[in-house]
*Asks:* 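Let me give you the structure first, and then I'll get to my questions.
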Amino acid sequence: MAQTYLIVGAGNMGGALLSGWLKSSLVNARNLAIIDPNPGIEAVYAIERGAKHLADFDGIPRNTKTILLAVKPQMFPQMRRQLAEALGEDVLIISIMAGISTQALKDAFPGADIVRAMPNTPAAIGKGVTAFTADPALKSEKVEAIKTLLGATGKVIRIETDEQINAVTAVSGSGPAYIFNLCEALAKAAQSIGLPPDVAAQLARETIIGASALLEASDQSPTELREAVTSPGGTTQAALDVLMADDGQGQLMRRAVVAALARAREFSE
Ligand SMILES: NC(=O)C1=CN([C@@H]2O[C@H](COP(=O)(O)OP(=O)(O)OC[C@H]3O[C@@H](n4cnc5c(N)ncnc54)[C@H](O)[C@@H]3O)[C@@H](O)[C@H]2O)C=CC1
Ligand SMILES: O=C(O)[C@@H]1CCC=N1
C-alpha cells in the first residue's frame with residue numbers, strides 16, 4: 001500500500017510544495033492528507049481531486065510516513081505534542097518553519113528522521129531554491145528521496161549545519177521580498193523624477209523581470225552583467241556611485257539579512 005503524505009499547514013508555502021508534488025506526479029492526491037482549517041487554493045484543488053482534508057490529528061492515516069510541517073513557527077509549540085502522539089514510527093518530518101531548530105524538532109519527534117528545509121515563494125512556479133539539512137548519518141536513498149521531493153519546486157542545495165538554515169532563511173527564504181521591494185522602490189523613484197505612476201510601475205517591473213531572465217540565461221556573473229550596463233563616466237556609473245557607496249546598497253542589504261537572521265534565532269528560543 002502506498003504511503004500517505006501529510007501536510008500540516010497548506011497556505012502559501014505548503015501549497016506551493018504540494019502543488020509541485022502533484023504536478024511532478026511524485027505524490028498522488030489520493031495519497032495525500034491535509035490538516036489546515038483554512039487551506040489555500042492549491043490545497044483546495046488537491047482536496048477536490050481526492051486528498052483527505054482532516055479536521056484534526058486523530059484522523060491521520062496509520063500509513064503516514066512523510067510529514068511536511070508548514071504552519072507558522074508560532075503555532076508549533078501548541079501542536080507539537082498532539083501531532084507527535086498521532087504519528088506512527090519510521091516517519092520523515094520535513095519542516096519548513098522559519099527558526100524552529102533541528103534540535104527542537106528532534107525533541108518533539110524522537111525517533112523520526114528530521115529534515116529542516118527552507119524554500120522560497122518562486123517555488124509556486126517551479127523556480128524556487130530550497131536549502132535543507134539532514135542527519136549526516138541518513139542513508140543515501142533517503143537523502144535522494146528528500147532531494148526529489150524538495151526539487152519538485154526548483155533547485156535544491158544541501159547544507160551542513162542547522163544554524164546555516166537560519167542564514168538561508170535571511171537570504172533566499174525572505175529574499176524574494178527584497179527583490180519585490182526593490183521593484184516598489186524603483187517605481188517610486190521613477191515617479192519622483194516625473195514618470196506617470198502606471199508607466200513607472202511597468203518600467204520597474206519589466207526591468208526586474210528582464211534582468212532576472214538575463215541573469216538566468218547568461219553565462220556571465222552578476223558583476224559582468226552589471227559592468228555591461230555601465231559605460232565609463234555614463235549615467236549608470238553615476239547611479240552606482242550612490243548604490244555602491246560605503247553606506248549604499250551593500251551596507252543596507254547586510255543590515256537587512258542580519259535583522260532577518262536575528263528574527264529567525266528568536267523563533268528558536
Ligand atoms: N512565505 C514564505 O516565503 C516562506 C515561508 N516559510 C515558512 O513556511 C511556513 C508557512 O508560511 P506561509 O505558507 O507563508 O504561511 P500561510 O499563512 O500562507 O500558511 C500557513 C497555513 O497554516 C494554516 N494553519 C493555521 N493554523 C493551523 C493549525 N492549527 N493546523 C494546521 N494548519 C494551520 C493556515 O490556515 C495557513 O493556511 C512558516 O513556518 C514560514 O516560516 C518558509 C519559507 C518561505
Ligand atoms: O517571513 C518569514 O518569516 C518567512 C520565512 C522566510 C520567508 N517568509
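For ligands, and for the atoms within them, numbers begin at 1 and follow the listed sequence. Heavy-atom basis, side chains included; hydrogens, waters and symmetry copies ignored.
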*Asks:* If we set the cut-off at 4.0 Å for heavy atoms, which region of Ala70 has an atom near ligand 1: side chain, backbone, both, or neither?
*Replies:*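 The answer is the backbone of Ala70.
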*Asks:* Starting at CG of Leu83, measure out to CZ of Phe76 and round the result to the nearest 0.5 Å.
*Replies:* 8.0 Å
*Asks:* Less than 4.5 Å apart, side chain to side chain, heavy atoms only: is that true for Leu215 and Pro222?
*Replies:* yes
*Asks:* Is it the case that the side chains of Asp198 and Gln202 hold a donor-acceptor pair, with the cut-off being a distance below 3.5 Å and no angle test?
*Replies:* no
*Asks:* Using side chain to side chain contact (heavy atoms under 4.5 Å, CB included) as the criterion, list what pairs up with Ala86, not counting sequence neighbours.
*Replies:*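 Partners of Ala86 under the side chain to side chain contact (heavy atoms under 4.5 Å, CB included) test: Phe57, Ile60.
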*Asks:* Considering only heavy atoms of Met79, which atoms of ligand 1 have at least one such atom less than 4.0 Å away?
*Replies:*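 Close to Met79: 28 (C), 29 (N), 30 (N).
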*Asks:* Measuring only between side-chain heavy atoms, which start at C-beta, is Pro61 closer than 4.5 Å to Leu54?
*Replies:*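 Pro61 vs Leu54: side chains touch.
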*Asks:* Pro37 near ligand 1, heavy-atom distance under 4.0 Å?
*Replies:*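 Pro37: in contact with ligand 1 (<4.0 Å).
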*Asks:* My understanding is that only residues two or more places apart in sequence, or in another chain, count here; which of them pass side-chain hydrogen bond (donor to acceptor under 3.5 Å, both in side chains) with Lys147?
*Replies:* none
*Asks:* State the atoms of ligand 1, each with its element, that fall below the 4.0 Å cut-off from a heavy-atom position in Ala98.
*Replies:* 39 (O), 41 (O)
*Asks:* For the residue pair Asp246 and Gln251, establish whether any side-chain heavy-atom pair is separated by less than 4.5 Å.
*Replies:* no
*Asks:* Under 4.0 Å from a heavy atom of Ile35: give me the atoms of ligand 1 that qualify, with their elements.
*Replies:* 31 (C), 32 (N)
*Asks:* Transitively linked via ILVMFWY side-chain contacts under 4.5 Å: Tyr5 with Leu18?
*Replies:*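 As far as the 4.5 Å side-chain criterion goes, Leu18 and Tyr5 are connected within one cluster.
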*Asks:* Report all protein residues having a heavy-atom distance below 4.0 Å to some atom of ligand 2; order the list by chain, then number.
*Replies:* Ala98, Thr169, Gly173, Ser174
*Asks:* Just distances here: any N/O of Pro119 and N/O of ligand 1 closer than 3.5 Å?
*Replies:*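 In this structure, Pro119 places no N or O atom under 3.5 Å from an N or O of ligand 1.
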*Asks:* Return yes or no for this condition: an N or O of Asn12 is under 3.5 Å from an N or O of ligand 1.
*Replies:* yes
*Asks:* Please list, chain by chain and in numerical order, all residues satisfying side chain to side chain contact (heavy atoms under 4.5 Å, CB included) with Arg263, sequence neighbours excluded.
*Replies:*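 If we apply the side chain to side chain contact (heavy atoms under 4.5 Å, CB included) test to Arg263, skipping adjacent residues, the hits are Gln74, Glu266, Phe267.
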*Asks:* With backbone taken as N, CA, C and O and side chain as the heavy atoms from C-beta onward, which portion of Ala177 lies under 4.0 Å from ligand 1: side chain, backbone, both, or neither?
*Replies:* neither
*Asks:* With heavy-atom distances below 4.0 Å as the criterion, list the atoms of ligand 1 near Pro73.
*Replies:* 38 (C), 39 (O), 41 (O)
*Asks:* Run the numbers for me: atoms of ligand 1, each under 4.0 Å from some heavy atom of Thr121, listed by number.
*Replies:* 2 (C), 3 (O)
*Asks:* Lys72 to ligand 1: N or O pair under 3.5 Å?
*Replies:*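 N/O-N/O distance under 3.5 Å: yes.
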*Asks:* Closer than 4.0 Å to some heavy atom of Asn38 - which atoms of ligand 1 meet that?
*Replies:*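 Heavy-atom distances to Asn38 below 4.0 Å select 35 (O), 37 (O).
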*Asks:* Could you tell me, atom by atom, which parts of ligand 1 come under 4.0 Å of a heavy atom of Ile96?
*Replies:*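 Taking each heavy atom of Ile96 in turn, ligand 1 has 6 (N), 7 (C), 8 (O), 42 (C) under 4.0 Å.
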